[in-house]
Number of protein chains: 2
Amino acid sequence: MKHLVTFRVIEAIAQTGSIRSAAERLSQTPSAVQRRLQNYEEELGFPIFERTAKGVRLNSAGELVIQHIRETLADTERLNSRIADLAGMRRGHVSVGCSQALVPYFLPREIAAYGALHPNVTFESVVIEHEQAAELLESYTVDVVLVFNEKSVPDYDVRLVVPQRLMAIMAVDHPLARYDVLRLRQCYAYPVALPVRGFGGRALLEQALYGKTFAAPPSMESNSFEFLKAHVAMTDAITFQIEIGAPDGTEGAGIVSRCIDPRDVVGGMLYVGQRRARTLPVAASRFVEKVSRTLADAYGPAARRSGPG
Amino acid sequence: MKHLVTFRVIEAIAQTGSIRSAAERLSQTPSAVQRRLQNYEEELGFPIFERTAKGVRLNSAGELVIQHIRETLADTERLNSRIADLAGMRRGHVSVGCSQALVPYFLPREIAAYGALHPNVTFESVVIEHEQAAELLESYTVDVVLVFNEKSVPDYDVRLVVPQRLMAIMAVDHPLARYDVLRLRQCYAYPVALPVRGFGGRALLEQALYGKTFAAPPSMESNSFEFLKAHVAMTDAITFQIEIGAPDGTEGAGIVSRCIDPRDVVGGMLYVGQRRARTLPVAASRFVEKVSRTLADAYGPAARRSGPG
DNA sequence: GCCAAGCGTTGCATTTTAGGCAACGGAGCG
DNA sequence: CGCTCCGTTGCCTAAAATGCAACGCTTGGC
């Protein structure tokens, strides 16, 4: 969109923190970028960046401007999306921020299903921690978040909440694999391999183990769930994951998952959320609806909201 | 703002209904306007006007676009206003839609008081009927409405409601002028001069007179309250007005106003309102706050809401 | 204390874009 | 049938945007 180039330029400057690097990102010369900024500041009547030796930084007026720019860009995308929808083209782009647990099974499945119906919709997924969710929504970096959160109240518009139990994951020939439900104490008879702090299941587990006599330090820590799965497949160690991220037996990697007795762990919640007071582009909105339906069917809604189109 | 010229052009086309007249309003040639439109449609990928023999008309995509354009223009104004506010300049423009009764005394007084504090704020006032209020707010034609409404529930965001009694207006030497409170029956002993239907007081009165034996057709009707005032000053006729529009004795035009007994008329309500889900520019928002304070002090709030900034 | 590196900024030449002018083709109307 | 008003387009000129090269400045390392 031609009339938005200045906005795109200013956003690039704000993000990179310097005119030259913004120019590089935009494949332009510094002078072109600098002039766009200068012209805009002149029109506005105020400078929006303060110039430092190392680059530029938004001043308080600039904070207002960048917010307006992001709103405008998002609104424009929404307009395009609605018009495409009107013409039956079902186009658009959806940017999803999600917890790590959604990555291996759930999200790719959902996206694949949606993409099969609407091939012209493009996707982008970034793994985030739940503390970042509100911020990324606020800055329009992502349209939707799907995050696991063990306790706090989200600071964004929650469209769906579903409960999540904790699962133990182990090799298919593991002695505990013959039980359907496991007590935590049983698991801790074996070495445990845990995700690092920040991963969804970890916080649940620490909460549950607080004060338990059988609690022991993990024999293995990793920030890669792929690695943990491979590890437990080859040893008698046990790792944990919330149910949506646990292997469902369809992958044949020699591992199985078993539910932890609800008496041992209070489950956390999986949140589907979007920016407060934002009307999503059609593609994103439909995607959220589809995901919400899947989640509600699978886990039963703890709370639900029917938002505006 | 340079990057909004296309939007302004499109809005002009939409309003005038033809490219040539839009061009004339914008002091440009038809070809320039036509090219802007064409380029925008090309960028968008869809035509937004259907071409007819007499001009152009928005199609359904165009309806979405024009809505987006109006939102964007309003948002831009809000941004400018906030930045001016940040710089302590307190600039801006406020467009007020109000009922006729507000015109002679209340609104000019409020605007004058506000303008004395903030000389760089410009104003625009249009007299409207309450049925138009929601529509004018919706299309961003006015920022604020101050309307009298005898019954229905407003279809916009109400920031303040105050009750309004009905007043009788007569010459200062009228026989009834010696009473402080009048019964309707007393007034109808004299000829009555009424505003036309649509004016605030008229509907109240008709409601009150329904089924009354002393009801008589008005001896005079006019859509000019100025005329009615002059008329009653020179005859023994009586006219009516809600209290905010009634002369308060400061103007010395030989007329006085007396309250109608509340047993005879159910009072209507004066509404202060703005567009749903809109954050007003700073100047408009402050003006609304000031007006609301004045109204609440004068008539006591029937209901009140403290809106966001 | 100086010098190299990186920053924002500016004069100048070039390219790209927008605008005015005049003319064309088509639809409605008497 | 002809007149009028509409949107549209080719052509030319004016204006805006961009790239290039160079300037002045601050910072950080030697």
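Atom set for the values below is all heavy atoms of this structure, side chains included, hydrogens, waters and symmetry mates excluded. Residue numbering restarts at 1 for every chain, and letters A, B, ... go by the order of the sequence lines.
Every pair passing ring pair (Phe, Tyr, Trp, His ring centres under 6.0 Å) that includes a residue from residues 5-33 of chain A is listed here, sequence neighbours excluded: A:F7-A:H68, A:F7-B:H3.
The two atoms that bring B:L26 and B:A12 nearest to each other are CD1-CB, 4.0 Å, heavy atoms only. Of all non-hydrogen atoms in A:P47 and A:N59, the two that sit nearest each other are O-ND2, 2.9 Å.
In this structure, B:H3 atom NE2 and D:dA16 atom C1' are separated by 17 Å, rounded to whole Å. Between the CD atom of A:Q28 and the P atom of D:dA16 there is a distance of 18 Å, rounded to whole Å. With rounding to whole Å, A:I19 atom CD1 is found 15 Å from D:dT26 atom C1'. Put simply, CG on A:N39 is 13 Å from C1' on D:dA15, counting in whole angstrom units. For B:E50 and D:dC6, the CD to P distance is 17 Å, given to the nearest whole Å. Distance, B:R57 CZ to D:dG7 P: 13 Å, rounded to whole Å.
Between A:G17 and A:K2, the residue anchored closer to the 5' end of DNA chain C is A:G17, taking for each the nucleotide with the nearest heavy atom. Place A:A53 and B:S31 on DNA chain D by their nearest nucleotides, and B:S31 ends up nearer the 5' end.
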_Residue pair A:R82, A:D85: steps toward the salt bridge (Lys or Arg N to Asp or Glu O under 4.0 Å) verdict_ = CA-CA 5 Å; A:R82 293 170 101 187; A:D85 196 53; over 6 Å; no

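Here A:R51 lies in heavy-atom contact (under 4.0 Å) with sugar-phosphate atoms only. As judged by a 4.0 angstrom heavy-atom cut-off over every strand, A:R36 is placed among residues touching the sugar-phosphate backbone only.
Side-chain to base pairing of B:S18 with D:dC5: no donor and acceptor N or O lie closer than 3.5 Å to each other.
Within a 6.0 Å sphere centred on CD of A:Q132, other residues, nucleotides and ligands contribute more than 12 heavy atoms. Heavy atoms of other residues, nucleotides or ligands lying less than 6.0 angstrom from CD of A:E24 number 12 at most. Heavy-atom contacts from other residues, nucleotides or ligands closer than 6.0 Å to CZ of B:R57 number 12 or fewer.
Counting 5' to 3', DNA chain C first comes under 4.0 angstrom of a heavy atom of chain B and last does so at the ends given by C:dA18 to C:dG28.
Put simply, A:Q34 has no side-chain N or O that comes within less than 4.0 Å of OP1 or OP2 on D:dT18.
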